[in-house]
Amino acid sequence: MYCFQCEQTAKGSGCTVAGVCGKDAQTSDLQDLLVHAAKGISMYAHRAAKLGKRDPSIDVFVIQALFTTVTNVDFDPQRIGETLRKAAAVRDKAKALYENACAETNAAPETLAGPATWEPADDLDGLRAQGEEVSILSRRTALGEDLSGLQELIVSGIKGAAAYLDHAQILGQDDPAVYATLHEAMDYLTKDQPQLDELVAWALKIGELNLRAMEMLDAANTGAYGHPQPTAVRVTPIKGKAILVSGHDLKDLEEILKQTEGKGINVYTHGEMLPAHGYPGLNKYAHLVGNYGGAWQNQQKEFAAFPGSILMTTNCIQKPREAYTDRLFTSGLVAWPGVTHIDSKLDFSPLIEAALAAPGFTEDEAEKTITVGFARNAVLGVADKIIEAVKSGAIKHFFLVGGCDGAKPGRNYFTDFAEQVPDDCVIMTLACGKYRFNKLDFGDIGGIPRLLDIGQCNDAYSAVQIAVALAEAFECGVNDLPLSMIISWYEQKAVAILLTLLHLGIKDIRLGPTLPAFVTPTVLQVLVDNFNIMPTTTAKEDLAAILGVGV
Ligand code: SF4
Ligand code: SF4
């Protein structure tokens, strides 16, 4: 195996024996093969799209295959093996779609090679051997570190965008143009002799694609559940049976809330599910009682202590401890061997039965709340007040401090940073990195909270809309606003968001706690030259540099 797609990669360079995340070598090799197989499908789907033909089931298969390979999603080699066999069948379907389109338009079909001709081996060992042949190492040997690293930057961005597209399609959102671009990018990645400037251009194009994916997801979530509103969320448990829902998939949460109505079970959110409380369509359920725990990397301790059943939707699952494996369930693309998976029919009866069989909380803990729901609609609803506060000097600067949380040391930077932000500045935050500071009391500036929780990582779309609206109000560009972005990354969705910000021309982003291993010094120089992207240093130094004063 060789995997360096996330921030916690071994020694900052690559996991080679087993993943720090818990992914074994077999699963890693199978995931590499799944990406290869997805490229083969896209080679045909891209050519069919150019001839005006599309099959949405092919598109959805490709994004789900890619999402399967995102960090902390699927650790089950058997399941990935089954997906690989389906991939060969879907590739044949895509090939037929293309060839029929050629026949209809009297075009001569191209004879494709590479991933388009892959045939699955008979067993998992054979599939694994095929995966080893197409790993990053083989491309690194052929192309060198810079070009293969840039390819991985693009693959990571595509994987992140695929995750958002999957959430959006679950709630009925579709856009053939997005899928056409995604297939085109995957096809480009099969070229034998990519050029550095072409790869950089593709990385930015994936940022554009991801912006559209996040826009679609925003439309899906707000269309289904209304615009988030500022909402106080209880972060201490109350007496009673309990279900904990983690991950990002709002549809799963809604189904659980419907299926537990009147059953005497309290439902809690965990991790990235916290922003769900802001949506009127979810908050209307009285038994959605609060949020429990912190970010994903604390789950082993928190799930062991939670006296009910637990659902992991989407990422980020960690190796379950025995103490809770029998009350842990997965849904969507998440899988762990031995953990019960709820299939796409979303019948949560096993989860509900496990909650009823567990003791639940035996007493109320003293009430404590935090406020969420400051997505674009809520913030722009008080835009006049915010603009006035900036003009009067009451608000001096905005900081977007957001992104993934993680387990490695060095992430205290984000807590330190938030704590040291001067009192006349506002912090906007999103994604699970916020758990580093979202229970601190930041107070307000003339009624405007100093900490605005915009939502999940995909709600970076909301952050962009807020920034664009402020820039319009002040008749300047986003880069001219008193706004600085401090982004923490861990996995591929954060890479997709970073590419989106670069596509939008946003400069001076500080990225931490370390830079991705696939960003070589040459590639970093390209990013520095064009976007002045920089690694985080210390909270004190970075704040002083941004504000131009000692803090
Ligand atoms: S996802 Fe991250 S931790 Fe897991 S194997 Fe890959 S680089 Fe290592
Ligand atoms: S923000 Fe990133 S690390 Fe955090 S839960 Fe979401 S996907 Fe995982």
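Since we're looking at a predicted model, the values are computed, not measured. Start at 1 and go down the list; that is how both ligands and their atoms are numbered. Numbers here simply count residues along the sequence, with the first being 1.
Heavy-atom contacts from other residues, nucleotides or ligands closer than 6.0 Å to CG of Asp441 number 12 or fewer. Taking a 6.0 Å sphere around NZ of Lys319, one finds it holds 12 or fewer heavy atoms contributed by other residues, nucleotides or ligands.
Salt-bridge check for Arg411 with Glu7: passed, with a basic side-chain N closer than 4.0 Å to an acidic carboxylate O. Between Lys86 and Glu82, none of the side-chain N atoms (NZ, or NE/NH1/NH2) sits under 4.0 Å from a carboxylate O, so this pair counts as no salt bridge.
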Check the pair Glu152 / Arg139 against salt bridge (Lys or Arg N to Asp or Glu O under 4.0 Å), numbers first and verdict last.
CA-CA 10 Å; Glu152 290 313 295; Arg139 273 174 288 121; 2.8 Å; yes
Run the side-chain hydrogen bond (donor to acceptor under 3.5 Å, both in side chains) test on Thr68 and Asp74 for me, step by step, so that the C-alpha distance in whole Å, both residues' side-chain angles and the decisive distance to 0.1 Å come before the verdict.
CA-CA 6 Å; Thr68 293; Asp74 191 339; 4.9 Å; no
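Results of the salt bridge (Lys or Arg N to Asp or Glu O under 4.0 Å) test with Arg212 over Asp218, Asp174, Asp175 single out Asp175 as the only residue that passes. Among Leu244, Leu328, Val245, the single residue meeting the side chain to side chain contact (heavy atoms under 4.5 Å, CB included) criterion with Leu311 is Val245.
For atom 6 (Fe) of ligand 1, protein N, O or S atoms under 2.8 Å: 1 in total. Here atom 2 (Fe) of ligand 2 has protein N, O or S atoms under 2.8 Å from it, and they come to 1.
Close contacts between ligand 1 and Gln8 involve ligand atoms 3 (S) [criterion: under 4.0 Å to a heavy atom].
When hydrogens are left out, the protein atom nearest atom 6 (Fe) of ligand 2 is His248 NE2, 2.5 Å; that is the closest non-hydrogen contact.
Heavy-atom minimum distance, Phe437 versus Thr429: CZ-OG1, 3.5 Å.
Under 3.5 Å, the side chains of Lys159 and Thr69 contain a donor-acceptor pair of N or O atoms.
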